[in-house]
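Input: a single structure, listed below in structure tokens.
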Amino acid sequence: MDKRQAETAEKQMVEGAAEAKFVTRGVHVFYGEKEAIKGVDLTIYNNEVTALIGPSGCGKSTYLRCLNRMNDTVESARVTGSILLDGTDIYDKKVDVVQLRARVGMVFQKPNPFPKSIYENVAYGPKIHGLASKKADVDAIVETSLKKAGLWNEVSDRLDTQGTALSGGQQQRLCIARAIAVSPEVILMDEPCSALDPIATARVEELIDELRENYAIVIVTHSMQQAARVSQKTAFFHLGDIVEHGQTEQIFTNPREERTRDYITGRFG
Amino acid sequence: MTDASTAKAYFQSEAAAKLVRKRYAAERRFRFYGMAMIAVAMFFLAVLFYTIISGGIMGFQTTSIKVPVPLTAESLGVEQGATPEQLRDIGGFKLTKIARNALYTQLGIADAEKPLKSQADKLLSNGIDTQLREILQNDPAIVGSTVDVWLLAHGAVDPFVKGQIDRNLPEDQRLLNNQQLAWVDRLEKDGRLELQFNSGLFTNGASADPELAGVAVALIGSLFIMILVVAAALPIGVGAAVYLEEFAPRNRFTDLVEVNINNLAAVPSIVFGILGLAIFINFMHLPRSAPIVGGLVLSLMTLPTVIIATRAALGAVPPSIKEAALGVGASKMQAVFHHILPLAMPGILTGLIIGLARALGETAPLIMIGMVAAVFEVPSSPFDPATALPVQIYMWAGMPERGFVALTSAAIIILLVFLLTMNATAVVLRKRFERRW
């Protein structure tokens, strides 16, 4: 994609509406000598779901993990370029990574509740960030978070059972509740439905659509149908670069690039 | 013919059937080896337990002789109504004489028969003065009356009563001569000589007389040492492992540290004893023979085990848990201490059990730091001289008197019970930490 094209795509996205939440320019990620991401420019907007699609190993998860600096935990990883969250570079030395992760929550591929009670799972984040100290306040946060995650009705009478005792789909919604309990602004989801059955997947997708009202959501997915169903914007990654990005509808109905067309029609990847 | 039909024909052939039979036979053979090995192991375990228990059970009993002892104020050299303090100060010689006289009367030995009297003296333990003194102190009011006292028999009498020495040996090869044996038989027939529970085993310290020797000093010494090992090795070991596993940068230096920790786990324990002697005693001037030094030395020895087990346990916690914690904005330290460490706790405790069990059974380094001394006083703090159970067993095993054979086995039983109690505690703790996910 040449520069002119990128600009038009960008313009088109801006016209789409909302204010930009994340603006990333020229993001490179290196694992040792290997360049995993080769200069990604992407803007993520408030109140929208942005889907990152592409074949395995194309760098979409790596890019996602740059947005809350989860890559910091990988010793050999090095990130260059600018990633601005509300205009502030999150890789700036002055930015506290703990606070950043409270603002940018994350839901992982495999449901990973803590092996503690449902209540503890949700209350943990607010407690360590000091969002609530009194029992009643924590209770309220737990309740609203579980309600937002659509899990309250199923678990309200057994908050002290182990989070790991829930079904896979419930566990993933518990993880979403845990992420929103610290009132983040952005939620990153790394293939959140890949370990779930179709019914649980539908339930989580519904939830993503509801959450869009209050958060900017970035979702990595292998399922083109899922991207088409839940997202407003889509970015297609290939070999560490963005091949094409824009309105989801346009990407799936009228892709500009040959490679995008091949991928979404299932000819490679 | 297609490949599929060739394969089908092959699977129906005799050759294939033979292969299947061979496979089953191999599996049966392996099962048999397994069961045979378990049976052999069980047999030897049974032999071991039989030897220790049958030998040790005697150590829990000791021979006593019941004699009416006249505790007159005159013979004691005190006034009627003496205080416990005054009774405490009565000379041991006086008390021994009172007890011996009581025995002479019991055996009907006339006052003039000196050789017979000295032979009768050998039936009673050297500790009878202490025994009488305790009785007097516990109840000062008995001064002036005659009381039946179970006096400890001499260590030479004990093996005959227990049937451990053949009484048909020639007289000059026995510790008891014919006259003494006759007395023993007579007392036994009168119900004045019997095997009683050896409470001294748990309350006495070192002694050259088997009937007076006990494991109290060693038991308390071992207890102090174990407490010190848990208090020192667990926090330091877990801290070191957490740092190395989760925080330390991976470079050549940390690799070197890691290799050295693994090597330390294989260093002969006596080397730790020399280290303890050089550092804790010669350099830091901590008291010799004290559990504080023993505990520190064995902590050093246990550390590598705890560190290695902790690192393995930390590594076995699924990384998704750490990601989950970091994902909601926990700091690295919070992620480790709130989530990873509790999940690693069962593995850490397993490592601790292995380390403690090894430390409890260790003799060589304790000998290096002087815990092999004969200590009579039960230690009241880790800074007092003491020994440890395995050292006590080692010392008793080298004693010439017949009575120490049973005592050695008894001490081994006590050591095993100590070990099992300790392990059971750790297992219960581990169960409480075990969670599924």
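Note on naming: letters A, B, ... go to the chains in the order of the sequence lines (proteins, then strands), and numbering restarts at 1 for each one. Values in this document were obtained by computation on a predicted structure and should not be read as measured data.
Taking the charged nitrogens against the carboxylate oxygens, Arg65(A) and Glu323(B) do have a contact shorter than 4.0 Å, which makes a salt bridge.
Only the side chain of Val182(A) has a heavy atom closer than 4.5 Å to any heavy atom of chain B.
Using a 4.5 Å heavy-atom cutoff, the side chains of Ile321(B) and Pro115(A) are in contact.
Taking every heavy atom of both residues into account, Ala324(B) and Asn112(A) meet most closely at CB-ND2, 3.3 Å. The minimum heavy-atom distance between Leu326(B) and Met70(A), with the atom names listed, is CB-CE, 3.9 Å.
For a heavy-atom cut-off of 4.5 Å, chain A lies close to no residue in residues 354-361 of chain B. Residues of residues 243-257 of chain B lying under 4.5 angstrom from chain A, judged on non-hydrogen atoms, are Pro249(B), Arg250(B) by number. Of residues 220-238 of chain B, not one residue has a non-hydrogen atom less than 4.5 Å from any non-hydrogen atom of chain A.
No close placement of the Phe114(A) and His338(B) rings is indicated, their centers lying 6.0 Å or farther apart.
Across Lys110(A), Gln171(A), His129(A), the residue that shares the most heavy-atom pairs under 4.5 angstrom with chain B is His129(A). Chosen from Glu75(A), Gln109(A), Met106(A), the residue pairing most often with chain B at heavy-atom distances under 4.5 Å is Glu75(A).
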Which side-chain N or O atoms in residues 297-304 of chain B pair as donor and acceptor under 3.5 Å with protein atoms at least two apart or in another chain?
| unit_1 | atom_1 | unit_2 | atom_2 | d |
| --- | --- | --- | --- | --- |
| Ser299(B) | OG | Gly295(B) | O | 2.7 |
| Thr302(B) | OG1 | Leu298(B) | O | 2.6 |

